[in-house]
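Chain letters run A, B, ... following the sequence lines, proteins first and then strands; every chain starts at 1.
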Amino acid sequence: MFRLKLLPCYLPAKNCLYSVLKLTTLTRHHLSNHIDHHLFDEIPQKDISSLNSLLNSYIRNGDAVTTWNLFHKMHCFCTDLNSYTFTPVLNACWALQNPKLGIQAHTLMIKLGVDTEIVPKTALIDMYSKYGQLGDSVSAFYEMGYRDVVAWNAILSSYLRHGLPQKAVDLFVDMRKERLEFSEFTLCSVLKACTSLKAYQKGKQIHALILVLGRDLVVLSTALINFYSNLGQIDEAVEIYRTLSWRKDDIMYNSLISGCVRNKRYDAAMSIMSLIRPNAVALTSALSACSENSDIWIGKQIHGVMIRQEFIHDTQLSNALLDMYAKCGKIREASLVFDKISRKDVVSWTSMIDAYGVHGHGAKAIDLFKRMEEENNVLPNPVTFLAVLSACGHSGLVELGREYFYMFQEKYGLVPGPAHYACFIDMLGRAGQIEELWSLFLGMVEKDVKPSSAVWAAVLNSCRINLDVERGEFAAKRLIQLEPDNPGNYVSLSNFYAAIGRWDSVDELRSIMKKRGIFKGEGGSWVTMHKFGDKFQCENSGAPSF
DNA sequence: TTAGGGTTAG
């Protein structure tokens with residue numbers, strides 16, 4: 001026997017933390033049910049195909065609540081639900097972020113015998129994947145008797161969504177071996193997998209396949225631009241853009257702009273930016289270019305565009321704006337932007353904490369972190385953990401730094417990685433706590449955290465400050481082994497030898513650098529000059545990034 | 001009816 005009760009869903013997606021069962025205990029006047037009983041009665045055509053079309057319209061307009069509520073009514077009053085009913089409903093289940101709804105819909109599909117049909121089964125692969133349930137998504141795929149190209153594409157996307165690009169590539173190789181049909185969707189996913197895997201040759205092969213098939217669609221070209229620019233081949237990416245015969249769209253331009261920024265082609269990014277109507281994603285990339293290039297002049301102009309075009313409520317874009325001001329040394333402006341972000345996410349909080357930390361305002365950074373905890377709607381992540389530690393380090397707040405190093409683990413279950421250890425080791429070294437530093441280092445190794453070059457550099461620097469010759473030489477050896485071409489490491493080592501009076505080693509090191517062709521670039525500051533008539537105005541833009 | 005391309009903190 002099989003008993004199933006579908007429950008109505010009244011609240012929008014973000015409130016779906018409440019279980020469906022809890023929802024039923026709420027009183028009706030607290031809720032907004034777009035499809036109530038009377039409205040359902042008023043729907044003129046109540047045959048199943050009209051109702052299915054209505055479900056599709058609601059979900060296409062992004063109204064998942066109404067889609068689910070209409071489905072609930074249909075379940076009560078219709079006896080002929082079919083596969084066309086469930087495809088929009090499964091989408092709604094995911095949009096409502098409530099896995100219980102998905103399970104209810106899936107159960108009903110099994111009861112009605114539509115779960116084995118190819119289209120709703122593919123929708124199940126997708127729904128479970130979007131819920132984060134890779135196992136259920138894969139099960140749905142392997143339960144299929146016959147799999148069409150859309151089903152294969154859905155499972156490829158599922159693997160990519162779960163950070164398994166190699167699985168996606170392996171599956172594509174299987175598809176080719178079995179001479180299965182593939183489509184532009186398939187090639188897009190495989191290109192994305194190649195990008196994640198940094199698999200240049202494989203990606204080139206897909207590019208060749210696209211050329212042979214003559215499928216230079218804008219979506220595929222965007223995936224190619226993204227692939228090449230992520231692998232440092234920005235000229236190839238620009239060539240794709242130049243030779244594209246299809247109409248270029250915003251997403252393609254955005255991909256090219258972010259690719260130029262990623263490859264430090266800031267002027268090119270700005271030129272492409274000027275070709276399009278501003279959109280939030282392009283502006284975010286452009287602001288990122290200003291941050292990297294310390295170009296507050298352009299950054300301020302983008303801020304103006306944001307205000308004029310009403311992008312100011314976009315959290316992600318505002319985070320980039322905040323970061324731009326902070327990186328250009330304008331901490332007050334960064335703070336003003338932060339205050340105006342109405343829906344602050346973990347990146348907003350972390351960026352501002354880090355901005356205070358970098359500018360030496362450790363106490364303000366800590367106060368802000370406390371505020372973040374009090375507001376209680378955003379949880380810190382490993383980057384927040386690092387920003388707080390770094391803020392303590394920059395301001396010499398060793399006691400607080402120690403407290404937070406353990407608190408983040410105990411209260412939030414965040415596991416420190418090499419970057420966290422490097423930061424804490426640096427802090428302890430500067431404070432002369434060399435024995436605590438070593439016991440921390442040994443504890444880290446015992447926990448199987450592999451020391452990164454940043455860890456060895458922090459250890460070496462601590463040994464220089466504390467004149468610990470033996471352990472300093474040990475750290476130096478490891479550091480140079482790990483990064484033999486990084487000039488900064490040789491400078492650290494040279495400073496270490498100088499501190500312990502080994503001037504012969506300093507000279508030896510310099511000649512080794514010369515012999516190996518390793519040069520340390522000089523430091524500097526950017527000053528932006530603007531000409532107004534015959535007068536110049538200077539803008540101090542902070543430190544450059546070499 | 002199902003599947004695809006772009007963005008922020010370290």
Side-chain angles (χ1 to χ4, degrees), chain A residues 49 52-53 55-56 59-60 82-91 114 117-127 129 140-141 144 147-158 160-161 182-192 195 217-227 229-230 249-259 261-262 279-288 291 314-324 326-327 341 345-355 357-358 380-387 389-390 417-420 422-423 454:
Chain A
S49 58
N52 288 344
S53 299
L55 284 173
N56 268 307
I59 197 64
R60 264 200 296 271
N82 59 26
S83 66
Y84 288 78
T85 313
F86 287 94
T87 41
V89 167
L90 292 177
N91 256 315
V114 297
E117 289 179 31
I118 196 158
V119 174
K121 196 76 167 176
T122 306
L124 279 171
I125 295 172
D126 194 50
M127 181 192 75
S129 167
F141 177 74
M144 295 173 107
R147 301 174 193 111
D148 65 2
V149 64
V150 183
W152 281 95
N153 292 341
I155 196 68
L156 286 178
S157 298
S158 187
L160 284 178
R161 194 173 285 121
F182 62 89
S183 68
E184 289 83 6
F185 286 74
T186 325
L187 296 173
C188 251
S189 293
V190 179
L191 270 175
K192 212 173 172 185
T195 308
L217 300 170
V218 68
V219 176
L220 273 175
S221 298
T222 308
L224 279 170
I225 287 171
N226 207 34
F227 165 73
S229 70
N230 266 290
D249 64 8
D250 273 0
I251 299 182
M252 198 233 67
Y253 279 114
N254 293 346
S255 179
L256 193 59
I257 292 168
S258 73
V261 174
R262 206 177 293 121
N279 66 72
V281 175
L283 291 176
T284 306
S285 294
L287 279 173
S288 171
S291 305
D314 185 307
T315 297
Q316 209 166 344
L317 182 54
S318 295
N319 292 344
L321 182 68
L322 178 173
D323 188 57
M324 183 280 295
K327 294 260 169 63
I341 301 175
D345 62 10
V346 66
V347 180
S348 323
W349 289 98
T350 305
S351 304
M352 197 62 231
I353 291 168
D354 192 52
V358 167
N381 67 15
V383 189
T384 324
F385 184 1
L386 194 61
L389 280 184
S390 158
H420 302 91
C423 196

**OP:** Please say which of A:V383, A:T384, A:N319 ends up in a side-chain contact (heavy atoms from CB on, under 4.5 Å) with A:V346.
**Re:** A:T384
**OP:** Measure the CG-CG distance between A:N279 and A:D250 for me, rounded to the nearest 0.5 Å.
**Re:** 4.5 Å
Roughly how many Å is it from [atom1] in [X] to [atom2] in [N], rounded to a whole number?
| X | N | atom1 | atom2 | result |
| --- | --- | --- | --- | --- |
| A:N153 | B:dG4 | CG | C1' | 8 Å |
| A:L124 | B:dT1 | CG | P | 18 Å |
| A:N279 | B:dT8 | CG | P | 13 Å |
| A:M252 | B:dG5 | CE | C1' | 11 Å |
| A:F185 | B:dG5 | CZ | C1' | 11 Å |
| A:M127 | B:dT1 | CE | P | 20 Å |
| A:I59 | B:dT2 | CD1 | P | 10 Å |
| A:L187 | B:dA3 | CG | P | 18 Å |

Original post:
Between the side chains of A:S129 and A:S158, does any donor sit under 3.5 Å from an acceptor?
Top reply: yes
Original post:
For A:V218, does its backbone N or O pair with a side-chain atom of A:T222 as donor and acceptor, under 3.5 Å?
Top reply: yes
With sugar-phosphate meaning primed atoms plus P, OP1 and OP2, does [X] contact a base, only sugar-phosphate, or nothing at under 4.0 Å between heavy atoms?
| X | result |
| --- | --- |
| A:V218 | base |
| A:R147 | nothing |
| A:S157 | sugar-phosphate |

Subject >> Any A:S285 side-chain N or O less than 4.0 Å from OP1/OP2 of B:dT7 >> reply: no
